[in-house]
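Here the structure comes first, spelled out in structure tokens, and everything after it is commentary.
Chain naming here is simple, since letters A, B, ... match the order of the sequence lines and numbering starts at 1 in each. A quick note: this is a predicted structure, and the numbers were derived from the prediction, not measured.
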Amino acid sequence: MTTAVADLFTLPVVELARALVGCRLLVDGVGGTIVETEAYHAGDPASHSFAGPRPRTAAMFGAAGHAYVYRSYGLHWCMNVVGGAETAAAVLLRAIEPTDGMERMAARRGLDDPRLLCAGPGRLCQALGITGALDGAPLDAAPFALLPRTAAPAIVTGSRIGITKAMDEPWRFAVPGSRFLSRPMRIGRPAGG
DNA sequence: CCGCTGATAATCT
DNA sequence: GATTATCAGCGGA
């Protein structure tokens, strides 16, 4: 038995977020390799689950291995992978390197540049066709496919984006130097100033 | 490259 | 009424 993605869901959510970088996500065969994630959990003031269960966040309090999809700023959809050892934990998918169904993604996004297809949580949901209809859907069944890594990628850590609380927690993970990130990763301070 | 700002709706005060 | 796990378009450097 090789390592299945499901085996990762019981890890602490910060480790799950790290482990999902390099995995592949497809929706109806469209998607690519996850290159940027962030971890959230119920003890984290920046998390949607911090205030306790709500109608919108029900999926985050539900079973691991399912999607938590919510609307952001009234306009965009954002997708999380529910899982982690903590209560109501999930990993926000922030960027994907598109590999499968490029034409479908370009059509949905109204763009040509592969760099901009999935570079951001709202963008990747638009490109893969993820909406609130998939909130709570299991990731091991159609239309989803969440596939394990074939090799361990290089990964760097940083602060999460777009939050106003717990801003210093280093719970953002990304492939260093990837051209498909939502925003560049802040590299370590230059040696010698 | 950078910063500013409007769009738009669920949630919270 | 304010805030929010965002994005695109714009203008200036």
Side-chain angles (χ1 to χ4, degrees), chain A residues 12-21 25 27 34-62 64 66-84 86-98 105-137 139 156-175 177-187 190:
Chain A
V13 69
V14 169
E15 293 311 310
L16 173 61
R18 187 195 305 271
L20 285 175
V21 174
L25 178 73
V27 180
I34 297 169
V35 293
E36 182 183 345
T37 65
E38 288 178 0
Y40 293 87
H41 64 83
D44 165 18
S47 174
H48 288 175
S49 57
F50 184 69
R54 296 287 187 277
R56 179 178 69 149
T57 61
M60 203 170 166
F61 286 81
H66 290 236
Y68 163 46
V69 182
Y70 68 94
R71 206 192 271 281
S72 176
Y73 289 88
L75 289 156
H76 312 288
W77 296 104
C78 295
M79 173 177 164
N80 295 251
V81 172
V82 177
E86 300 86 348
T87 300
V91 175
L92 174 67
L93 302 183
R94 286 199 57 90
I96 285 175
E97 176 175 343
M105 289 188 274
R108 285 173 175 150
R109 294 273 299 117
L111 290 172
D112 221 357
D113 187 351
R115 237 181 77 96
L116 298 176
L117 288 179
C118 303
R123 289 165 171 171
L124 76 86
C125 282
Q126 185 181 24
L128 273 62
I130 297 167
T131 70
L134 290 174
D135 184 34
L139 300 175
V156 291
T157 303
S159 299
R160 295 175 294 180
I161 293 177
I163 56 173
T164 57
K165 299 165 197 164
M167 297 174 63
D168 294 332
E169 299 289 359
W171 294 341
R172 177 185 179 217
F173 299 93
V175 176
S178 170
R179 304 183 304 277
F180 302 95
L181 303 183
S182 66
R183 293 184 53 175
M185 213 58 178
R186 190 169 156 81
I187 310 299

**Message:** At a heavy-atom distance below 4.0 Å, what parts of residues 113-126 of chain A sit against DNA chain B?
**Reply:** none

**Request:** Heavy atoms of chain A, cut-off under 4.0 Å: which first and last nucleotide of DNA chain C, 5' to 3', fall inside that, if you could look?
**Result:** C:dT4 to C:dA8

**Message:** Test of understanding: with salt bridge (Lys or Arg N to Asp or Glu O under 4.0 Å), list the residues that count as partners of A:Arg108, not counting sequence neighbours.
**Reply:** none

**Request:** Name all residues meeting the salt bridge (Lys or Arg N to Asp or Glu O under 4.0 Å) criterion together with A:Asp44; count only those two or more places apart in sequence or in a different chain, and write none if there are none.
**Result:** A:Arg160

**Item:** Partner residues of A:Ala106 under the side chain to side chain contact (heavy atoms under 4.5 Å, CB included) criterion, sequence neighbours left out
**Value:** A:Leu117

**Request:** For A:Thr157, check side chain to side chain contact (heavy atoms under 4.5 Å, CB included) against everything at least two apart and list the hits.
**Result:** A:Arg18, A:Pro170, A:Phe173

**Request:** Using a 4.0 Å cut-off on protein heavy atoms (strictly under), produce a 5'-to-3' string for nucleotides 6-13 of chain B with B for base contact, S for backbone-only sugar-phosphate contact, and - for none.
**Result:** -BBB-SS-

Base, sugar-phosphate or nothing for [X]? Non-hydrogen atoms, less than 4.0 Å.
X: A:Leu92; answer: base
X: A:Arg109; answer: sugar-phosphate
X: A:Ser182; answer: nothing
X: A:Met60; answer: base

**Asked** Does anything in residues 113-123 of chain A pair up under salt bridge (Lys or Arg N to Asp or Glu O under 4.0 Å), and if so which pairs, sequence neighbours excluded?
**Response** none

**Message:** If a pair means Watson-Crick or G-U wobble with both distances below 3.5 Å, what does DNA chain B look like in dot-bracket form, with | marking bases paired to a different strand?
**Reply:** |||||||.||||.

Any sub-3.5 Å donor-acceptor pair from [X]'s side-chain atoms to [Y]'s backbone N or O?
X: A:Glu86; Y: A:Val13; answer: yes
X: A:Arg172; Y: A:Glu169; answer: no
X: A:Glu38; Y: A:Ile161; answer: yes

**Request:** Calculate, to the nearest 0.5 Å, the distance between atoms OG1 and CH2 belonging to A:Thr131 and A:Trp77 respectively.
**Result:** 6.0 Å

**Item:** Nearest-0.5 Å distance that lies between atom OH in A:Tyr68 and atom OG1 in A:Thr57
**Value:** 5.5 Å

**Residues forming a side chain to side chain donor-acceptor pair (under 3.5 Å) with A:Ser47, sequence neighbours excluded** = A:Ser49

**Message:** My understanding is that only residues two or more places apart in sequence, or in another chain, count here; which of them pass ring-ring contact (aromatic ring centres under 6.0 Å, His included) with A:Phe61?
**Reply:** none

Less than 3.5 Å apart, which donor and acceptor atoms pair up between the side chains of residues 87-98 of chain A and the rest of the protein, not counting sequence neighbours?
unit_1  : atom_1 : unit_2   : atom_2 : d
A:Arg94 : NE     : A:Glu36  : OE2    : 3.0
A:Arg94 : NE     : A:Ser182 : OG     : 3.4
A:Arg94 : NH2    : A:Ser182 : OG     : 3.1

